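I have placed the structure first, in the form of structure tokens, so that the comments after it can refer back to it.
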Amino acid sequence: MGAANVWIDGQWRAADSELTFRAENPATGEAIPGDFPVSKWPDCDLALSAATKAAVELRNIAPEGIADFLEAYAAGIESSAEPIVASAHEETGLPTSPRLRDVELPRTTNQLRQAAAAAREESWRRATLDLGKNIRSCYAPIGPAVVFGPNNFPFAFNGVSGGDFAAAIAAGNPVIAKAHPLHPNTTRLLAKQASKALAESGLPEATVQLIYHLSNEDGLKLVSDARVGAIGFTGSRAAGLGLKRAADAAGRLIFAEMSSINPVVFLPGALAEAEEKLAGELVDSCLAGAGQFCTSPNLVLLWEGAPAESFLARVASGLSQRAPQPLLSAAGLRQLAAGVNYLIGEGAELVTGGVVCQGAGYRYANTLLRLNAKQFLAHLNELQREVFGNATMAVTVAKVGELEALLELLEGNLTGAIYSSVTGADDHLYAILEPLLRRKVGRLLNDKMPTGVAVSPAMHHGGPFPATSQPGFTSVGIPASLTRFAVLECYDGVRQGRLPAVLRDTIANPNTWRSIDGKWVQG
């Protein structure tokens, strides 16, 4: 039996490929039967040409048609949940319940339905009408989107079902999905449901296309192609920066989520009030998904002294008592081990863990490192290295000035959290530290861990470089996430019948801004 077919221009066809690969079960380390192709450039070229044609057709389809597809797709995923979840469990080692079936799959269908609602109500288009000057503008689809899915969320960030996908489709763009090679069969099963939903809704056949894997050279060529409107990427800093350089050189927009150590600050009053509780929260957050969340707390900041020592002892004990969960791949295990060793080489002290677990599968001992602020500041660039997995590093500070200096020199991050006393005992410190941390993170948290990323219109899942390539945009939070895949279009003196429907005088939309007699009103 040959390799799985790619999905290009409405057809499941044999890939133009000479190489194949297999996924592995990270819990056992064994290859999973079933070959998947590494496509050559002609597959990309065909997909780009088909997407270019589909982009033109989609501009003439009412928002309801796009919304119908997204809702039908969500329903199809739910109707086939069992085989999709079983495949994801086998390919990622993530627990079937609650993680995959009860949390991530409902999150995925929820964001598809939220994207459908956004397509219908069109607030993302920000229609603006200056009636006096007869000048109108709105956001419109940017054209074919290429979406690279990550390794750690086989549903919610998958290239063919996740947040980037949902946003690009809701904004009226076709998507070429690049599957992650760690879960190709899961992606294939999702794409099968997308193909059925396309047939039901009547959208162009090339609205969604799927390629499993590419050479690095062809991946760079793909994001550089003039037919591409925008790129969504979630993954490592090295891969993201490589794609960003290629896209930037070609003038293509790329929205890349790449790297974050997510600092968590524990102020003295907070530890005094709830040391045991907070230690438990930190351990839970560090080990969620075997630490393979982009919002995992990799940097813990607290005042040196007896309370910190007691707290860190609890954290070390909690980590050592929990059984290590499978990492996503052999490469992930190697990178985690190398990252921990690198940090130790730069002066961090190993408190617990720090070894590869023996036996089947890819597991690493739950790890805590520590050092003080002077050591951290002396090797600032090196010690901000993201270590992706079940390891975290604590830094103790002797005085507020050390923490101020540290926060001022941090790289950009997705999140930052501050735990403080409920009595107000830490308010003076919070007032000093919050403005420094606020500038370094996309999402600031108080008294909670950063690992949960709610699918909410108010959510910002982004941040300053190198957390992302574009700090003004979010990959989670609809409708804001749609504008990454949009272009602003202006119409000056254009006749009513030639305008997009959302810009016509006769269209009543509560999300439209109109200038009437020099005053701007909404509706």
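Source: prediction; values computed, not measured.
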* **salt bridge (charged side-chain N to carboxylate O under 4.0 Å, His left out): pairs with one or both residues in residues 79-94, sequence neighbours excluded** => E82-R101
* Asked: So do N173 and L58 actually touch side chain to side chain, heavy atoms under 4.5 Å?
  -> no
* Please work out which of the three classes, parallel, tilted or perpendicular, describes the rings of F165 and Y73, given edges at 30° and 60°. => perpendicular
* To do: For a side chain to side chain contact (heavy atoms under 4.5 Å, CB included) with T474, tell me which candidate from R443, H461, R484, E257 qualifies.
  => H461
* Kindly compute the distance separating CG (L327) from CG (N152), expressed to the nearest 0.5 Å. => 11.5 Å
* Is it true that atom CG of N446 has more than 12 heavy atoms of other residues, nucleotides or ligands lying nearer than 6.0 Å? -> yes
* Answer with yes or no whether the side chains of Q325 and N390 bring together a donor and an acceptor at under 3.5 Å. => no
* Asked: Going through the distances and angles, do S215 and E217 end up as a side-chain hydrogen bond (donor to acceptor under 3.5 Å, both in side chains)?
  -> CA-CA 5 Å; S215 68; E217 179 183 0; 5.1 Å; no
* Could you state the interatomic distance from CG (N134) to CZ (R495), rounded to the nearest 0.5 Å? -> 11.5 Å
* Asked: Should D45 and K40 count as an ion pair when the cut-off is N to O under 4.0 Å?
  -> no
* To do: Decide, yes or no, whether a salt bridge links D43 with R13 under the criterion of side-chain N to carboxylate O below 4.0 Å.
  => no
* To do: To the nearest 0.5 Å, tell me how far F255 CZ sits from S481 OG.
  => 11.0 Å
* To do: Scan side-chain atoms only and decide if N262 and T415 contain a donor-acceptor pair under the 3.5 Å cut-off.
  => yes
* **Residue pair E205 / L198, side-chain heavy-atom distance below 4.5 Å** => no
* To do: Identify the two heavy atoms, one from E24 and one from Y362, that lie closest to each other, and give their separation to 0.1 Å.
  => OE1-OH, 2.7 Å
* Side chains of N110 and R113: do they bring a donor and an acceptor to under 3.5 Å? -> no
* Asked: Relative to each other, are the rings of W12 and W7 parallel, tilted or perpendicular (30° and 60° limits)?
  -> parallel
* To do: State the CG-CD distance between L299 and E386, to the nearest 0.5 angstrom.
  => 12.0 Å
* Might you work through the salt bridge (Lys or Arg N to Asp or Glu O under 4.0 Å) test for D35 and R22, ending with a clear yes or no? => CA-CA 5 Å; D35 293 330; R22 287 188 173 187; 2.7 Å; yes
* To do: Nearest 0.5 Å please: distance from the OG1 atom of T96 over to the CZ atom of R99.
  => 11.5 Å
